[in-house]
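None of these values were measured; they are calculated from a predicted model. All values below were derived from every heavy atom in this structure, side-chain atoms included, with hydrogens, water molecules and symmetry-related copies excluded. Below, chain A is the first sequence line, B the second, and so on; all start at residue 1.
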Amino acid sequence: MPAPRVRIAPSPTGPLHIGTARTALFNYLYARRTGGTFVLRLEDTDVARSTVGFEADLIEQLRWLGLDWDEGPDAAGGEDRGPFAPYRQMQRLESYAKAADDLLARDLAYPCFCTPEELDADRKAAEAAHLPPRYVGRCSTLTPEERASRVAEGRRGALRFRVRADKIKFDDLVRGEVEIDTANLGGDFVIVRSDGTPLYHFVVVVDDAAMEMTHIIRGEDHLSNTPKHILLFQALGHEVPKFAHLPLILNPDRTKMSTRKSQTAIADYRAQGFLPEAMVNFLSLLGWSTGTEEEILSLDEIAGRFDLEHVQKGGAVFDKDRLEWLNGQWIRKLSPEDFIERLQPFLAADLQAGRIDRLPTPEELRPLVPIIQERLPTPGAVGDLIGFLWVDHVTLDPALLVPKRWDRSTALAALRAARETIDDSTGSVTFEADELEPPMRALAESSGWKAGDLFMAIRVAVTGRTATPPLFDSLVALGRERVLARLDAAIEMLAGSEEPA
RNA sequence: GCCCCCAUCGUCUAGAGGCCUAGGACGCCGCCCUUUCAAGGCGGAGAUCACCGGUUCGAAUCCGGUUGGGGGUACCA
């Protein structure tokens, strides 16, 4: 058996969609597992909606996910790589024209001059008669003279493919035997528009044939269209590839995942801080499983285990909670250096948005890794967690400054005492967590305060938040001077509002 | 409407006739750890395997039907 050739063929009419990414992933996995070739082809014949920007996004996000292709475009608008170049359909138009001419010459296809109005009327009539819509075949038996006279009138025909009466049977690699009667295909279908541009069902088959694809792994939404493709492969005199239809990724309401109801752009997940490792891991488990209880797996580990037999038949709801959990798992697996590296774009974004006033250096970040790595659901949350370290001024909410069990005067007294304790006990010593904690606990004890309440008052005073990394580590990271300054500011705020309202 | 596909905890899934009084994970709840928040550990609730028939000594697993859901049905991709 020749080495498999598989492909992902997205249209640059939108950013890389989660469903396309999953299909790309499964094709990639199949190629890697079987020693086959993974091809990227851009289906850009919808000129009105295709853009170079979307093309760039497709390529960039696929790369980000690590789904390297063996053949195809390397950069938006750039050169293609591989023996079947070009891999953009707009650059392959001659081959479609040639295939269309060939089908026309062999009378496997014919020009159709029906107007949109006629077709619309046909459809309405069928609907009224409770019959499935299908092309009535008005132009299928036109004589050469009749065709010539219409062309003479200046009418340009679309090209229709003749659908023969037959039952098309194929052995789907995930669904098993599927049989569809061509009578249910809606009659002869258009393969080239009257303006001369070819249609999807046609170009996809011409290209898959030309590029010698052996396996078509795609979403279940193409299952019903498969007979059309098989008919076309046969008409083109090409061997029919094997098909594998993957279950759909679903919205929470179990309809096909859509931008309307879910977040579908890979770029958006990336921007939120989802790691490619987590994305790939999560997507691989939507509709496939190892058959074991393993679940945290790298792309390579998945590729080593992948098989079409374990692909699920039913659709899979996209469960963001599970993705977030997986993301946390992968964050915790990162080395400190890698972790810091991945924080960079988010810190830069925080700076840009004014959420922090200064960018920390990797050296400043390094000691913080142990206390933040296990606390981040995504790298994108870094500003939220420790942004207080790099802002010039924290915004204080007086209500938060006073712990629940306390009143304002207790909080004020506690902050004053805490300030003094820090000042005294650290004036000549190094400012370290181990040296800060004991005197603070002693202060709480001698004053009859719960340590937790004291710590919370200090936490809010210096960070502005109630949820932070461990208090003393936060104080150390902040540094003695800023801790004292922020305590002073908090004390002043509380004291200033001391007069009864 | 017609055609096709599908059906195990809320969700992702294990399961390919006896190992299943159905396992794991997410989420949820409780406990532990604990200065907050997380992370982690432990435990719990949660599925009459959609339903009804059949085959079989025996069915979540095989067959038929029903119901439900989804997809397709364009001079979109």
Hey, is the side chain of [X] poking within less than 4.0 Å of OP1 or OP2 on [N], counting only N and O atoms?
X	N	answer
A/Arg465	B/rC37	no
A/Gln312	B/rC5	no
A/Arg193	B/rC76	yes
A/Arg254	B/rC12	yes
A/Lys256	B/rG72	yes

Closest to side chain of [X], choosing from [options]:
X	options	answer
A/Asp319	B/rG10, B/rG72, B/rC76	B/rG10
A/Leu223	B/rA38, B/rC5, B/rG15	B/rC5
A/Asp321	B/rA77, B/rG27, B/rG1	B/rG27
A/Arg175	B/rC6, B/rC76, B/rC2	B/rC6
A/Ala158	B/rG72, B/rC75, B/rC12	B/rC75
A/Val317	B/rC76, B/rG40, B/rC12	B/rC12
A/Ile180	B/rG71, B/rC3, B/rA25	B/rC3
A/Asp46	B/rC26, B/rA77, B/rU13	B/rA77
A/Arg123	B/rG24, B/rC75, B/rC76	B/rC75
A/Asp221	B/rG24, B/rA25, B/rG71	B/rG71

Atom [atom1], compared across [N] and [M]: separation rounded to whole Å:
N	M	atom1	answer
B/rU61	B/rA25	P	25 Å
B/rA59	B/rC51	P	15 Å
B/rA47	B/rG15	C1'	14 Å
B/rC12	B/rU55	P	34 Å
B/rC3	B/rU21	C1'	43 Å
B/rC6	B/rC63	P	11 Å
B/rA22	B/rU48	P	11 Å
B/rG58	B/rG18	P	14 Å

Measure from [atom1] on [X] to [atom2] on [N] and round the result to the nearest Å.
X	N	atom1	atom2	answer
A/Glu295	B/rA25	CD	C1'	4 Å
A/Phe170	B/rC4	CZ	P	11 Å
A/Leu173	B/rC5	CG	C1'	16 Å
A/Asp122	B/rC75	CG	P	11 Å
A/Phe318	B/rC26	CZ	C1'	13 Å
A/Glu43	B/rC76	CD	C1'	12 Å

Any base atoms under 4.0 Å from [X], or only sugar-phosphate, or nothing? Heavy atoms, all strands.
X	answer
A/His310	sugar-phosphate
A/Arg332	sugar-phosphate
A/Glu179	sugar-phosphate
A/Glu118	nothing

*B/rC75 base to A/Ser194 side chain: any donor-acceptor pair below 3.5 Å?*
yes
*Could you tell me whether the side chain of A/Arg375 has a donor or acceptor atom within less than 3.5 Å of a complementary atom in the base of B/rC37?*
yes
*asked:* I'd like to check, for A/His222, whether its ring lies over the base of B/rA77 with centroids under 5.5 Å apart and a plane angle smaller than 30°.
replied: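 One would call A/His222 stacked on the B/rA77 base.
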*Give a yes or no on whether A/Glu127 atom CD has more than 12 heavy-atom contacts from other residues, nucleotides or ligands under 6.0 Å away.*
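For A/Glu127, atom CD is not crowded (no more than 12 foreign heavy atoms under 6.0 Å).
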*Six-ring centre of A/Tyr135, A/Arg160 cation under 6.0 angstrom, axis tolerance 45°*: yes
*Under 4.0 Å between a Lys/Arg side-chain N and an Asp/Glu carboxylate O for A/Glu301 and A/Arg305?*
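No.
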*asked:* Return the OG1 to NZ distance between A/Thr255 and A/Lys261, rounded to the nearest 0.5 Å.
replied: 3.5 Å
May I ask which nucleotide in the shown strands pairs with [N], Watson-Crick or G-U wobble, both distances under 3.5 Å?
N	answer
B/rC9	none
B/rU21	none
B/rC28	B/rG44
B/rG58	none
B/rU36	none
B/rU73	B/rG1
B/rA50	B/rU66

_If we check side-chain contact (heavy atoms from CB on, under 4.5 Å) with A/Leu275, which of these qualifies: A/Leu334, A/Thr378, A/Val280?_
A/Leu334
_Return whichever of A/Thr255 or A/Gly291 has its heavy-atom-nearest nucleotide of RNA chain B closer to the 5' end._
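Comparing both residues, the 5'-ward one is A/Gly291.
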*asked:* Under the side-chain hydrogen bond (donor to acceptor under 3.5 Å, both in side chains) test against A/His245, which residue among A/Arg218, A/Lys313, A/Arg175, A/His222 passes?
replied: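 Single side-chain hydrogen bond (donor to acceptor under 3.5 Å, both in side chains) partner of A/His245 among A/Arg218, A/Lys313, A/Arg175, A/His222: A/Arg218.
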*Decide if the gap between the ring center of A/Phe318 and the ring center of A/Tyr269 is smaller than 6.0 angstrom.*
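Yes, they do, as the ring centres are separated by less than 6.0 Å.
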Please list each protein N or O that sits under 3.5 Å from an N or O in nucleotides 31-35 of chain B, with the distance.
from	atom 1	to	atom 2	distance (Å)
B/rU35	OP1	A/Arg441	NH2	2.5
B/rU35	O2	A/Arg459	NH2	2.3
B/rU35	N3	A/Leu471	N	3.4

